[in-house]
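Working notes for the structure below.
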Amino acid sequence: MSKLIHVILSGGVGSRLWPVSRKSMPKQYIPMFGDKSLFQLTAERSMLSVDSTLVVGNKDNYLLSQADMMRAGVTDFTEIVEAAPRNTAAAIAFAAFAVQPDDILLVTPSDHIITDERAYADAIAEAVTLAEQDYLVTFGITPAKPETGYGYIEYSGNTVLSFREKPNEQTAQMFIDSGNFLWNSGMFCFRAGVYLEELNRYEPDILQTALTCYENQTEGLLPENETMQIPSKSIDYAVMERSEKIKVVQANFGWSDLGSFESIWEHWEGQGEIHRFKDNNCVVGSDKHVEFLGVSNIVLVETNDAILVLAKSSSQDVKKIYERLEREKPELVN
């Protein structure tokens, strides 16, 4: 009998949340939500719905993952530790190698928030039913606004008509107005064997190099030399946008990838955390008394070694600061 296995991907850095998110403490491990991190919430969310949990992380953060799994009360889990990130197509292949071909993988990032757990369980049940029919299932989120930071899925029912890149604001508004588009959540559900078959069909080099790497692991630690031979490609580009076995589940479970200060602002606002705000501005990380004068929609972010001040509408561009500092002052991103 097949099992339902929650695969948690935890390799991201969260560069758009600098200076809070760093290489040594990516956003998914920061206890910004009550006293819990996004990783811990992700692990807790599926505990009662799945048979087991498998974490795919990297050598720089696997100890943080282990600590959060313990805090979540998950003591029995499998861990695969990458020597270096090679994107999601390979990461999910590692998970598929570790289980039986008929097992169903529920693949989620570790850094998303979901507020309606009943709707989440319903969406998983629908996805599992489709996965049992050998479809590769993606979760599409009903869009709340013309977001330019997400990819979009054009759909009809459970049928995927097309995948679209992150649009400009005008195109995003057109998608919203049409009523035929969903946000691409980066969450998936499918049989392990079906995914590997489709990966082999479209990207055999990824499958073979990932398999060689996996077969040379040492107690869950993947070797560096073999890791670097794996082409780096996302599951979207490698499989989902090319396969003829794709289905989508429309989801309304209070989802956000919390990938920018704008999305964190909106989450806190929706949760009624009014202490985060001052005169229609938002303060992140500072214990100091902060006053704003003559400005609105500003985010002030403070850590012990950096201060960032940005317009909420510029949240997507924080990644550019991160990339520049990575070259010029790497100590500020580590």
Side-chain angles (χ1 to χ4, degrees), residues 12-22 25-34 37-38 41 109 111-116 141-152 164-177 181-186 252-326 332-333:
V13 175
S15 58
R16 288 175 293 168
L17 291 180
W18 182 88
V20 175
S21 185
R22 309 287 182 103
M25 182 61 76
K27 70 169 183 175
Q28 60 264 36
Y29 303 110
I30 302 169
M32 295 175 64
F33 306 90
S37 70
L38 290 170
L41 292 171
D111 56 357
H112 294 182
I113 196 80
I114 289 171
T115 57
D116 189 337
I141 309 300
T142 304
K145 63 175 184 176
E147 173 63 59
T148 60
Y150 303 149
Y152 283 73
R164 304 295 183 92
E165 297 291 336
K166 296 176 183 178
N168 59 33
E169 189 168 354
Q170 182 179 1
T171 303
Q173 187 62 60
M174 182 184 70
F175 289 167
I176 300 296
D177 293 342
F181 287 85
L182 303 170
W183 288 337
N184 190 346
S185 70
N252 296 281
F253 43 54
W255 173 91
S256 173
D257 74 340
L258 294 181
S260 69
F261 288 111
E262 182 175 15
S263 61
I264 286 182
W265 175 312
E266 291 171 349
H267 173 71
W268 282 340
E269 198 170 47
Q271 296 298 304
E273 297 192 36
I274 58 175
H275 64 284
R276 308 277 189 177
F277 300 94
K278 179 83 172 182
D279 300 327
N280 200 39
N281 299 290
C282 185
V283 178
V284 180
S286 180
D287 293 326
K288 298 181 175 68
H289 179 82
V290 178
E291 295 285 347
F292 295 91
L293 182 62
V295 295
S296 183
N297 290 307
I298 296 295
V299 183
L300 185 148
V301 188
E302 182 181 15
T303 65
N304 62 354
D305 61 351
I307 293 175
L308 172 68
V309 180
L310 68 147
K312 181 174 70 169
S313 60
S314 297
S315 294
Q316 296 295 332
D317 294 329
V318 175
K319 184 176 183 178
K320 297 176 182 178
I321 295 176
Y322 180 96
E323 291 170 346
R324 175 172 56 78
L325 291 174
E326 195 171 25
L332 287 176
V333 301

Next item on the list: Step through it carefully: locate the ring centre of Trp265, locate the ring centre of Phe277, and say whether they are under 6.0 Å apart.
Entry: yes
Checklist line | Donor-acceptor contact below 3.5 Å, side chain Asn281 vs main chain Asp279 | finding: yes
Note to self: Is it the case that atom CG in Asp305 sees more than 12 heavy atoms from other parts of the structure closer than 6.0 Å?
What the structure shows: yes
Checklist line | Min side-chain heavy-atom separation Pro26-Tyr29 under 4.5 Å | finding: yes
Item checked: Spacing of Ser256 atom OG and Leu38 atom CG [to the nearest 0.5 Å] -> 9.0 Å
Check: How many angstroms lie between atom CH2 of Trp183 and atom OG1 of Thr142, to the nearest 0.5 angstrom?
Finding: 9.0 Å
Next item on the list: State, yes or no, whether a side-chain contact exists between Ile113 and His267 at a heavy-atom distance under 4.5 Å.
Entry: yes
Checklist line | Leu300 CG to Ser286 OG distance, which is reported to the nearest 0.5 Å | finding: 6.5 Å
Next item on the list: Starting at CD1 of Ile307, measure out to CD of Glu302 and round the result to the nearest 0.5 Å.
Entry: 4.5 Å
Next item on the list: Nearest 0.5 Å please: distance from the NE2 atom of His112 over to the CG atom of Leu258.
Entry: 8.0 Å
Next item on the list: Would you check if Glu269 and Arg276 make a side-chain contact, meaning some heavy-atom pair closer than 4.5 Å?
Entry: no
Notebook entry, point to check: What residues, two or more places apart in sequence or in another chain, satisfy side-chain hydrogen bond (donor to acceptor under 3.5 Å, both in side chains) together with Glu326?
Noted result: Lys23
Next item on the list: Evaluate the side-chain proximity of Asn168 to Thr148: yes if any heavy-atom separation is below 4.5 Å, no if none is.
Entry: no
Next item on the list: Verify, without hydrogens or angle tests, whether Ser37 (side chain) and Pro31 (backbone) share a donor-acceptor contact under 3.5 angstrom.
Entry: no
Notebook entry, point to check: Under 6.0 Å from the NZ atom of Lys288, do we count more than 12 heavy atoms belonging to anything else shown?
Noted result: no
Please list every donor-acceptor pair under 3.5 Å in which a side-chain atom of residues 308-322 meets a protein atom from a residue at least two apart or in another chain.
{"from": "Ser315", "atom 1": "OG", "to": "Glu262", "atom 2": "N", "distance (Å)": "3.1"}
{"from": "Ser315", "atom 1": "OG", "to": "Lys312", "atom 2": "O", "distance (Å)": "2.7"}
{"from": "Gln316", "atom 1": "OE1", "to": "Arg16", "atom 2": "NH1", "distance (Å)": "2.5"}

Note to self: Using side-chain heavy atoms (C-beta onward) and a distance below 4.5 Å, is Tyr152 in contact with Pro167?
What the structure shows: yes
Next item on the list: Determine whether Leu182 and Ile141 make a side-chain contact, defined as any pair of heavy atoms from C-beta on separated by less than 4.5 Å.
Entry: no
For residues 290-299, tabulate all N or O donor-acceptor pairs below 3.5 Å that involve a side-chain atom, not counting sequence neighbours.
{"from": "Glu291", "atom 1": "OE2", "to": "His289", "atom 2": "NE2", "distance (Å)": "2.5"}
{"from": "Ser296", "atom 1": "OG", "to": "Asn280", "atom 2": "ND2", "distance (Å)": "2.7"}
{"from": "Asn297", "atom 1": "OD1", "to": "Asn280", "atom 2": "ND2", "distance (Å)": "3.4"}

Check: Given the rule in the side-chain contact (heavy atoms from CB on, under 4.5 Å) test, do Ile176 and Lys145 qualify, once you have shown the distances and angles that lead to the verdict?
Finding: CA-CA 7 Å; Ile176 300 296; Lys145 63 175 184 176; over 6 Å; no
Item checked: Student check: side-chain heavy atoms of Asp257 and Asp111 closer than 4.5 Å -> no
Notebook entry, point to check: Is the backbone of Leu332 close enough, under 3.5 Å, to the side chain of Arg22 for a donor and an acceptor to pair up by distance?
Noted result: yes
Next item on the list: First locate atom CD of Glu147, then atom CD of Gln173, and finally report the distance between them rounded to the nearest 0.5 Å.
Entry: 12.5 Å
Check: For Asn252 and Asp116, what are the C-alpha separation, side-chain angles and deciding distance, and is it a side-chain contact (heavy atoms from CB on, under 4.5 Å)?
Finding: CA-CA 8 Å; Asn252 296 281; Asp116 189 337; over 6 Å; no
Note to self: Test side-chain contact (heavy atoms from CB on, under 4.5 Å) on Val283 and Val301; report intermediate values, then the result.
What the structure shows: CA-CA 6 Å; Val283 178; Val301 188; over 6 Å; no
Check: Is the closest side-chain heavy-atom distance between Phe175 and Pro146 below 4.5 Å?
Finding: no
Note to self: Can you confirm whether or not the ring centre of Trp18 sits under 6.0 Å from the ring centre of Phe261?
What the structure shows: no
